[in-house]
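Below: the structure, in structure tokens.
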Amino acid sequence: MDDKFFLRDIPVGQAITLACKIARQENEIEFRATVTQANPQYIVLDIPKVEDKHLSFKGVTTSILTERDGGAYEFTPCNVVYYKGTYIAQCVNEGRKINRRKNFRVGISIIGSMIRGGDSPVNVYVRDVSASGFSITTERELNIGEEITVRYTDMGIKLSLTGNIVRMVTEEEGKNIYGCKLLRESEGIAQYVQQKQRDILRKRNR
């Protein structure tokens with residue numbers, strides 16, 4: 001098999017991921033898509049609508065992520081446009097093999113309520129969430145391995161995340177960033193993360 005891997009080599013029907021970096025946004029956002037047609041110069045994608053509207057990728061740095069022979073590959077940068085009822089994606093570069101995280105985090109930037117043990121709830125800053133974990137910023141001192149629950153409401157959705165602290169980083173301002181692994185992964189969290197990603201791009205496209 002030829003080691004070179006181009007967009008045109010992605011099989012029709014294969015699911016891919018669009019990773020989008022928006023200017024002045026700390027995190028990337030992702031969208032799932034399916035390849036419906038492959039041509040020498042481009043591929044055609046089926047991307048679900050957001051609130052019954054098509055997405056615009058103008059001004060967004062976009063990469064396409066896919067799998068081949070059990071490995072993850074990235075095509076970047078990609079040009080994605082909506083043309084005559086379909087999304088067209090182009091990339092002149094070969095796909096490069098990458099290490100791919102199982103779950104992608106989306107920036108939240110919202111105030112939540114943290115509960116630890118029998119203590120009273122305290123406000124924390126929820127930084128990001130994925131289907132497998134989340135991170136918070138707080139002035140409180142917490143311990144690696146400690147179990148906490150963080151609750152907040154976003155887009156009308158009430159969330160309760162319970163996890164163990166697995167890492168800690170201290171910012172220059174003296175506040176601590178704690179990374180937590182969810183005790184129980186749930187389909188509901190994964191759906192929320194995808195909906196949040198779409199909401200970010202929808203607001204950007206206004």
Side-chain angles (χ1 to χ4, degrees), residues 1-109 127-133 154-155 157 185 187-206:
M1 181 179 64
D2 190 347
D3 291 333
K4 293 184 177 181
F5 185 27
F6 294 95
L7 275 186
R8 62 175 179 266
D9 299 320
I10 301 176
V12 172
Q14 181 159 318
I16 59 97
T17 298
L18 296 167
C20 306
K21 178 67 176 180
I22 301 175
R24 297 181 297 278
Q25 290 279 349
E26 181 179 354
N27 294 283
E28 290 182 329
I29 55 177
E30 290 188 347
F31 295 93
R32 302 295 183 262
T34 303
V35 177
T36 60
Q37 185 179 341
N39 294 288
Q41 303 301 325
Y42 62 88
I43 59 174
V44 179
L45 302 175
D46 177 27
I47 305 175
K49 293 181 180 180
V50 176
E51 295 185 351
D52 203 36
K53 296 180 180 179
H54 297 290
L55 301 176
S56 170
F57 294 88
K58 185 178 181 180
V60 177
T61 302
T62 305
S63 302
I64 286 180
L65 309 176
T66 190
E67 293 185 355
R68 187 191 201 197
D69 299 329
Y73 287 81
E74 177 185 53
F75 295 89
T76 190
C78 292
N79 181 38
V80 182
V81 296
Y82 185 71
Y83 178 70
K84 292 186 177 180
T86 59
Y87 289 95
I88 305 296
Q90 295 177 305
C91 182
V92 298
N93 298 324
E94 297 177 40
R96 63 183 184 90
K97 198 166 187 178
I98 59 172
N99 291 321
R100 180 72 174 144
R101 289 184 299 180
K102 179 181 177 182
N103 292 296
F104 196 84
R105 293 180 180 267
V106 62
I108 302 299
S109 304
R127 296 171 58 91
D128 56 54
V129 175
S130 78
S132 63
D154 186 22
M155 302 185 300
I157 303 172
E185 296 185 23
E187 183 177 347
I189 297 298
Q191 291 175 346
Y192 161 72
V193 170
Q194 291 182 12
Q195 183 175 341
K196 182 67 176 179
Q197 292 169 342
R198 293 180 180 279
D199 183 66
I200 292 172
L201 193 57
R202 176 182 58 81
K203 290 178 178 178
R204 180 259 174 196
N205 286 334
R206 284 178 176 175

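From Gln41, atom CD reaches atom CD1 of Ile88 across 12.5 Å, with rounding to the nearest 0.5 Å. In this structure, the separation between NZ on Lys84 and OG1 on Thr86 is 9.5 Å, given to the nearest 0.5 Å. To the nearest 0.5 angstrom, Asp128 atom CG is 12.0 Å from Lys196 atom NZ. Atoms CZ and CG, on Phe75 and Leu7 in that order, are 5.0 Å from each other to the nearest 0.5 Å. Of the inter-residue distances, the one linking Ser109 atom OG with Arg127 atom CZ reads 8.0 Å to the nearest 0.5 angstrom. With rounding to the nearest 0.5 angstrom, the CZ atom of Arg32 is 9.5 Å from the CG atom of Leu18.
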* To do: May I have the step-by-step check of side chain to side chain contact (heavy atoms under 4.5 Å, CB included) for Thr17 and Ile64, ending in yes or no?
  => CA-CA 6 Å; Thr17 298; Ile64 286 180; over 6 Å; no
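For the pair Phe5 and Arg68, the tightest heavy-atom approach, listed with the atom from each and the gap, is CB-NH1, 3.4 Å. For Ala38 against Ile10, the heavy-atom pair with the smallest separation is CB-O, 4.2 Å. The two residues Ser130 and Ile189 make their nearest non-hydrogen contact at O-CG2, 3.4 Å. The two atoms that bring Val80 and Ala89 nearest to each other are CG2-CB, 4.1 Å, heavy atoms only. The two residues Ile47 and Ala33 make their nearest non-hydrogen contact at CG1-CB, 3.7 Å. The shortest heavy-atom contact between Pro77 and Cys91 is O-SG, 3.4 Å.
Scored by the side-chain hydrogen bond (donor to acceptor under 3.5 Å, both in side chains) test, Tyr42 finds Asn39 as partners (sequence neighbours excluded). Contacts of Thr76 classified as side-chain hydrogen bond (donor to acceptor under 3.5 Å, both in side chains), with partners at least two apart in sequence or in another chain: Ser63. Partners of Arg8 by side chain to side chain contact (heavy atoms under 4.5 Å, CB included), not counting sequence neighbours, listed by chain and number: Phe6.
Under a 3.5 Å cut-off, the side chain of Thr36 and the backbone N or O of Val44 do form a donor-acceptor pair. Side-chain atoms of Gln14 come within 3.5 Å of backbone N or O of Glu67 as a donor-acceptor pair.
Residue Ile16 is tested with Ile43, Leu65, Leu45 for a side-chain contact (heavy atoms from CB on, under 4.5 Å); the sole match is Leu45.
Here Tyr82 and Phe57 keep their ring centres 6.0 angstrom or further from each other.
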